[in-house]
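Convention: sequence-line order gives letters A, B, ...; per-chain numbering from 1. No experiment lies behind these values; they were computed from the predicted model shown.
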Protein chains: 2
Amino acid sequence: MTRKTNPLYISSRNTLQHVLNLYDNFLFDCDGVIWLGEALIPGAAEFIQLLVDNNKGFAFVTNNSSNSRNTYLRKFAKLGIPNITKDLLYPTCYSAALEVRDQLKVPLGSKIWVLGDHGIEEELQEMGYTTLGCNDPKLDHLDLDSCILEVDPDVKAVVVGSTKEFNYMRISSTLQYLLHNDKSIPFIGCNIDRTYPGPHGLTLPAGGSVVNYMAYTADRDFINVGKPSTQFLDIILQDKQFDRDKTLMIGDTLYTDIKSGNDGNLGDGRGSLLVLSGGTKLKDLQKVIDGANGSGEHDLVPSYYIESIGHLAKLIEP
Amino acid sequence: MTRKTNPLYISSRNTLQHVLNLYDNFLFDCDGVIWLGEALIPGAAEFIQLLVDNNKGFAFVTNNSSNSRNTYLRKFAKLGIPNITKDLLYPTCYSAALEVRDQLKVPLGSKIWVLGDHGIEEELQEMGYTTLGCNDPKLDHLDLDSCILEVDPDVKAVVVGSTKEFNYMRISSTLQYLLHNDKSIPFIGCNIDRTYPGPHGLTLPAGGSVVNYMAYTADRDFINVGKPSTQFLDIILQDKQFDRDKTLMIGDTLYTDIKSGNDGNLGDGRGSLLVLSGGTKLKDLQKVIDGANGSGEHDLVPSYYIESIGHLAKLIEP
């Protein structure tokens, strides 16, 4: 392993130019990188424009499974980021649908059981599947005599992601599918994220907590179609025809974004850039560097870091 | 480790008499051992009477945290089991309260945050604590602006157990306490049970799934006051003044009851009896024996087994 333990701080126009020369493609996490909640991160639009001007490839890869690509497209437009088309967007509700179709080869038209928000339902339906579960009002109230707890034998996969409509009926009905037929129905989890930063400074439960809940309860593993799963990365690199050696992952979370770029061996082993505009602060980065120097495990240490992608845009200003 | 890998099937009156001579005290799991749901297991009352007639000590230790000792007392009476007093009952809602008072030394009168059913609330209140959370109707509906998400600085412990009133507000509010002040508020989990057998042949999520959900989301460990935690056993042995070497654990679940008897070194290393009247069938036992012979790990292999405690009572009939 030749990866350097100390990440490079991109401090000058020259360093940035060097980085831009090394990579043809840029994968962006969204929340904490492009925006924070509903607010655009200053300079983010300018940096994306810079990539367009330099004929770079890019895509947006978010572990969020609640919103479909169509919803994200509206958000990019609303925040005034130009040049964004649907084919650049990879929320995990979409990667889950890609997994169902392309990896699991589930025939179009099949039924898929969903525990999660509408984004999953939308992407599966757009791809040609029928969805069950999700926000079905039959699941709003506890009724253990309800026929919705009977397994529909035509269900060919279960997709689990973030939802605030989490209740005992949704969990129990999903569990029936995960246990059915010796646990043979494929189980896809949209991410392993424990929490996300909510309003009023609250730290709130994220999608991975729901996925992990179901995995623990059913006592089985799941296919992770979110970061840091290298499967997720493989799907996108193939779909976008991005050269692995020439691709950089940019994100604000060490154990998903940075680990994914490192584990996926992007950029010839130097393919991860941490921005400090989201959930990770400089002291968190330092802790991970210290840990890596002690343990020799460098999977969470980014290749580069910078305050935000707006700072990158600023470095290049004439 | 001298524990025999092959458990002894109690097949004759002589074998049973030998077992009864070896042990002074008997710890019973309840569901699957004494009753199944609302139905008494045939012969269970007779076996308990046999223990009474022979001046044996006994207690009931259940991982269920939903029902208080008072509720259990009514259930024993309703099922016609004589000689049961409150001091013989150890549901984990009670062991959680004992942990708070005797191990954590939380001053009486303090506030305790609860995610779980009323049993936890009842036992804590009976012991002299004030409870928050639990089934507070403010937590019934999603409202991330609600002041109930603000941490009450007087809360001194968090207790989590089984609940069907599981929703995003209850999870989110509990998470605030688990993360508060560098995760320093003690976190007690009532058990690690994944599922339990529900009505209509359904397998339903159990308390451990809620505990594990919170542990994963908050990214921290918990104090397990249920089986197979030896802490749970220690509390009861001390409280009842039972001699560890002379105590037998009787249960229907390998990874809680049997493991607890074995890990706790009850009966001088031969202190666990499996009954097949609950969730574990003979083929499950065989699988565990085969696994133990391969791996050398015997913690799930019982010392003895029998169809039910009713069968034990029958062996001794004149």
Side-chain angles (χ1 to χ4, degrees), chain A residues 37 66 115-117 139-151 162-180 183 189 191-220 255, chain B residues 37 66 115-117 139-151 162-180 183 189 191-220 255:
Chain A
S66 296
L115 172 66
D117 282 338
L139 295 166
D140 284 346
H141 300 288
L142 186 64
D143 174 11
L144 294 180
D145 299 318
S146 168
C147 62
I148 201 164
L149 287 163
E150 285 167 27
V151 165
S162 184
T163 175
K164 292 191 171 60
E165 304 300 317
F166 202 27
N167 65 21
Y168 200 75
M169 272 302 274
R170 291 203 159 79
I171 294 160
S172 298
S173 51
T174 304
L175 182 62
Q176 305 315 306
Y177 286 95
L178 293 180
L179 295 178
H180 186 64
K183 308 184 183 179
N191 65 64
I192 58 166
D193 299 5
R194 298 172 197 266
T195 57
Y196 77 96
H200 317 299
L202 293 171
T203 298
L204 294 175
S209 69
V210 182
V211 175
N212 186 269
Y213 179 98
M214 292 311 316
Y216 182 83
T217 309
D219 197 11
R220 57 179 289 195
Y255 77 95
Chain B
S66 295
L115 172 67
D117 281 338
L139 295 167
D140 284 346
H141 300 288
L142 187 64
D143 174 10
L144 295 179
D145 299 318
S146 168
C147 62
I148 201 164
L149 286 162
E150 284 167 28
V151 165
S162 184
T163 176
K164 293 191 170 63
E165 305 300 318
F166 201 29
N167 66 19
Y168 200 75
M169 271 302 273
R170 290 201 160 78
I171 295 160
S172 298
S173 51
T174 304
L175 182 62
Q176 305 315 306
Y177 287 96
L178 293 180
L179 296 177
H180 186 64
K183 308 184 184 180
N191 66 64
I192 59 166
D193 299 7
R194 298 172 197 267
T195 57
Y196 76 96
H200 318 298
L202 293 170
T203 298
L204 294 175
S209 69
V210 182
V211 174
N212 186 269
Y213 178 97
M214 292 311 317
Y216 182 82
T217 309
D219 199 10
R220 58 178 288 196
Y255 77 95

Would you say the ring centroid of A/Tyr216 lies under 6.0 angstrom from that of B/Tyr213?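 No, too far apart.
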Going from [atom1] on [X] to [atom2] on [Y], what distance comes out if it is rounded to the nearest 0.5 angstrom?
X	Y	atom1	atom2	answer
B/Leu142	A/Lys164	CG	NZ	7.0 Å
A/Phe166	B/Ser172	CZ	OG	10.5 Å
B/Leu175	A/Ser209	CG	OG	8.5 Å

Between A/Ile171, A/Val210, A/Leu202, who has the most heavy-atom pairs with chain B when the cutoff is under 4.5 Å?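 Between A/Ile171, A/Val210, A/Leu202, the count favours A/Leu202.
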Please determine, among [options], the option with the most heavy-atom pairs under 4.5 Å with chain A.
options	value
B/Asp219, B/Asn167, B/Thr195	B/Asp219
B/Ala218, B/Gly208, B/Gly201	B/Gly208
B/Asp145, B/Thr163, B/Leu149	B/Asp145

Note, B/Asn212 side chain near A/Thr217 side chain (heavy atom, < 4.5 Å):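 No, side chains not in contact.
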Interchain contact, A/Leu179 with chain B, by part (heavy-atom threshold 4.5 Å):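 Side chain only.
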So what's closer than 4.5 Å to chain B heavy atoms on A/Leu204: side chain, backbone, both or neither?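 Contact with chain B: backbone and side chain both.
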For residues B/Thr203 and A/Gln176, report the shortest heavy-atom separation together with the two atoms involved.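 The pair with the smallest heavy-atom distance is O-NE2, 2.9 Å.
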So does B/His200 have more than 12 non-hydrogen atoms from other groups sitting under 6.0 Å from NE2?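 Yes, enclosed.
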